[in-house]
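In this chain, numbering begins with 1 at the start of the sequence shown.
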Amino acid sequence: MTVQVVLPGVLADLAGGVKHLDVDPAGETLADLLDALAERHPLLGRRLRDETGRVRRFVNVYVDGDDVRFAGGLATTVRDGAEVQVLPSIAGG
């Protein structure tokens, strides 16, 4: 199974400058995908999840356009060929 992870420039720097990553998770959940991503890119993994393994509060994750906060969180199913977008929240005024 291969999933494409799309990163903005600020996070791509933590993955060697690559904005589109093909990741082969060991399982079928978002947690499995993030585990595989963190194994390949530890700095990126620490930026996406906190010490308890949860997605950080100011990181938004979308699986095929659906916000995972409303679709099961880390238990969200990630199918073969899915596109996962990771976006840090932007604040300011």
Side-chain angles (χ1 to χ4, degrees):
M1 173 166 90
T2 301
V3 175
Q4 185 174 79
V5 177
V6 180
L7 302 171
V10 68
L11 293 177
D13 290 342
L14 300 173
V18 179
K19 293 184 179 183
H20 296 269
L21 299 166
D22 289 328
V23 180
D24 299 317
E28 298 180 353
T29 67
L30 178 61
D32 297 325
L33 175 70
L34 294 178
D35 287 344
L37 189 60
E39 188 175 310
R40 284 176 54 187
H41 303 286
L43 293 175
L44 177 61
R46 286 193 293 274
R47 186 80 175 268
L48 300 181
R49 291 196 284 184
D50 64 19
E51 299 76 27
T52 67
R54 293 185 192 147
V55 175
R56 291 192 182 275
R57 183 175 173 189
F58 297 108
V59 173
N60 300 307
V61 180
Y62 301 88
V63 175
D64 290 329
D66 294 326
D67 189 334
V68 299
R69 289 177 290 190
F70 307 108
L74 290 171
T76 301
T77 300
V78 179
R79 64 173 179 73
D80 185 30
E83 180 179 273
V84 175
Q85 291 182 305
V86 181
L87 301 170
S89 294
I90 306 226

J.: So, taking the atom named CD in Glu39 and the one named CG in Leu34, what distance separates them when rounded to the nearest 0.5 Å?
T.: 13.0 Å

J.: Do any N or O atoms from the side chain of Thr76 and from the backbone of Ala71 form a donor-acceptor pair under 3.5 angstrom?
T.: yes

J.: Answer whether the closest heavy-atom distance between the side chains of Asp35 and Arg49 falls below 4.5 Å.
T.: yes

J.: Determine, using the 4.5 Å side-chain heavy-atom cutoff (strictly less than), whether Val10 and Leu87 are members of one ILVMFWY cluster.
T.: no

J.: Looking only at heavy atoms, what is the nearest atom pair of Gln4 and His20, with distance?
T.: OE1-ND1, 3.6 Å

J.: Quick one: closest heavy-atom pair of Asn60 and Arg69, and the distance?
T.: OD1-NH2, 3.1 Å

J.: Any non-hydrogen side-chain atom of Val23 less than 4.5 Å from a side-chain atom of Leu33?
T.: yes

J.: Is any side-chain heavy atom of Leu11 less than 4.5 Å from a side-chain heavy atom of Pro88?
T.: yes

J.: Cut-off 3.5 Å, side chains only: do Thr2 and Asp24 have a donor facing an acceptor?
T.: yes

J.: So which heavy atom on Lys19 is nearest to which on Ala12, and how close?
T.: CG-CB, 3.7 Å

J.: If you group Ile, Leu, Val, Met, Phe, Trp and Tyr by side-chain heavy-atom gaps below 4.5 Å, do Tyr62 and Val59 land in one group?
T.: no

J.: So does Arg40 have more than 12 non-hydrogen atoms from other groups sitting under 6.0 Å from CZ?
T.: yes

J.: Apply salt bridge (Lys or Arg N to Asp or Glu O under 4.0 Å) to the pair Asp50 and Arg57, showing each step before the final yes or no.
T.: CA-CA 9 Å; Asp50 64 19; Arg57 183 175 173 189; over 6 Å; no

J.: With side chains defined as the heavy atoms from C-beta onward, is the minimum distance between Val3 and Asp80 less than 4.5 Å?
T.: no

J.: Is the number of heavy atoms from other residues, nucleotides or ligands under 6.0 Å of Glu83 CD greater than 12?
T.: yes

J.: If we only count heavy atoms from C-beta on, is the Val55 to Leu74 side-chain gap below 4.5 Å?
T.: yes

J.: Looking only at heavy atoms, what is the nearest atom pair of Glu28 and Met1, with distance?
T.: CA-CE, 4.0 Å

J.: Under a 4.5 Å side-chain heavy-atom rule over Ile, Leu, Val, Met, Phe, Trp and Tyr, are Leu37 and Val6 clustered together?
T.: no

J.: Take atom CD in Gln85; do more than 12 heavy atoms of anything else shown fall under 6.0 Å from it?
T.: yes

J.: Within the 4.5 Å heavy-atom criterion, are Leu44 and Leu7 side-chain neighbours or not?
T.: yes

J.: Rounded to the nearest 0.5 Å, how far apart are CZ of Arg46 and CD of Glu51?
T.: 10.5 Å

J.: Could you report the tightest heavy-atom contact between Leu21 and Ala15, atom names first, then the distance?
T.: CD1-CB, 4.0 Å

J.: Which pair of non-hydrogen atoms, one from Ala82 and one from Val63, has the smallest distance, and what is that distance?
T.: CB-CG1, 4.5 Å

J.: Tell me, do Val78 and Val84 make a side-chain contact under 4.5 Å, heavy atoms counted?
T.: yes

